[in-house]
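To start, the structure under review is shown below, and the notes come after it.
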Amino acid sequence: MDVSLVATGIAIGIGVNAPVGPVNVMCIHRAIRNGPTSAMAAGVGAWVADVLFAAAAAFGVTAISTFVEGHLAVIKVLGGALMIAFGMKLLYAPSSVTEAPKDDTKLSLFRAAATSLVLTATNPAVLLGFFAIFGGLAGIGENPGDFGAAALLTAGVAIGSAAWWAALSTGASHLRERIAERWLGRINTLSGSGLVIFGVVVLVGVALGY
């Protein structure tokens, strides 16, 4: 077993999720309002997408990459529209912790996971990024038939991605008791506005042919 491949996968799994994005915002928002379990529901969807994308890249399933490249405009429109919808939802979210449900229902948790899965899956940069990163690794790029190396890298990504979402969910939930009520409305406004603006930029970019 090549431990270095697993370690590389872990680093990739953390690296692709660390940049602030819509799923990170969703995770932090749910952690502050409902706690770590609620936040992890958002992370689960992104984790599933990460593992699927990593496996596709590691095992050389180029058909997926070709499909993404051929339907970038549609994927961007879907992703941009979803970001706007989620941003609007945050803008109108209750600004008090006491107004939030004490416990998420199973349906609410499922919706959070499904939303984060779609948000990640409609981000072509994530999938193409996996192909670019894995293609540059000697164990994969030069030996695309080495399924053992591909499996180790995919396992590493799964571990790294899970570690990131667990850490973010737990860390953000600790802020729950320290954030004053008056800040929740501002957090909703900033997070929601940021997502709406980002979604609009994506849609404008598609309209202009970028």
Side-chain angles (χ1 to χ4, degrees), residues 6-54 79 82-123 125-126 129 155-199:
V6 177
T8 299
I10 292 174
I12 294 173
I14 295 174
V16 297
N17 289 297
V20 176
V23 179
N24 284 275
V25 172
M26 178 190 293
C27 185
I28 293 172
H29 188 267
R30 292 180 69 88
I32 292 174
R33 299 195 63 77
N34 301 97
T37 301
S38 180
M40 274 302 298
V44 166
W47 178 83
V48 171
D50 285 343
V51 174
L52 291 177
F53 285 176
L82 188 58
M83 289 178 204
I84 292 174
F86 180 60
M88 293 298 294
K89 182 178 180 181
L90 284 185
L91 286 174
Y92 291 98
S95 58
S96 171
V97 172
T98 57
E99 296 178 48
K102 293 182 179 180
D103 297 298
D104 279 315
T105 63
K106 291 182 178 179
L107 181 59
S108 175
L109 294 174
F110 175 79
R111 285 175 178 171
T115 299
S116 63
L117 173 60
V118 175
L119 279 172
T120 305
T122 53
N123 184 357
V126 176
V157 170
I159 295 171
S161 178
W164 169 260
W165 294 117
L168 182 63
S169 299
T170 303
S173 65
H174 285 314
L175 298 176
R176 194 179 182 194
E177 303 299 329
R178 302 180 183 180
I179 294 179
E181 288 277 326
R182 66 179 183 277
W183 282 100
L184 289 178
R186 298 177 186 178
I187 291 173
N188 290 348
T189 300
L190 290 174
S191 300
S193 298
L195 289 176
V196 170
I197 292 173
F198 189 76

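Atom CG of residue Asp50 and atom CG of residue Leu117 lie 10.0 Å apart, to the nearest 0.5 angstrom. Separation of atoms CD1 (Ile12) and CD1 (Ile159) is listed at 12.5 Å; rounding is to 0.5 Å. Taking CG of Asn17 as the reference point, atom OG1 of Thr120 lies at 7.5 Å (rounded to 0.5 Å). Expressed to the nearest 0.5 Å, how far CE of Met88 lies from CD1 of Ile84 amounts to 9.0 Å. Expressed to the nearest 0.5 Å, how far CZ of Arg30 lies from OG1 of Thr37 amounts to 10.5 Å. Of the inter-residue distances, the one linking Met40 atom CE with Ser173 atom OG reads 11.0 Å to the nearest 0.5 angstrom.
When all heavy atoms of Val23 and Ala42 are compared, the pair lying nearest together is CG1-O, 3.9 Å. Contact detail for Ala112 and Met26: the closest heavy-atom pair is O-SD, 3.8 Å.
Contacts of Leu168 classified as side-chain contact (heavy atoms from CB on, under 4.5 Å), with partners at least two apart in sequence or in another chain: Asn24, Cys27, Ile28, Trp164, Trp165. Every side-chain contact (heavy atoms from CB on, under 4.5 Å) that Ala158 has, sequence neighbours left out, goes to Trp47, Val51.
Side-chain atoms of Ser161 never come within 3.5 Å of backbone atoms of Val157 as a donor-acceptor pair (strictly under, hydrogens ignored).
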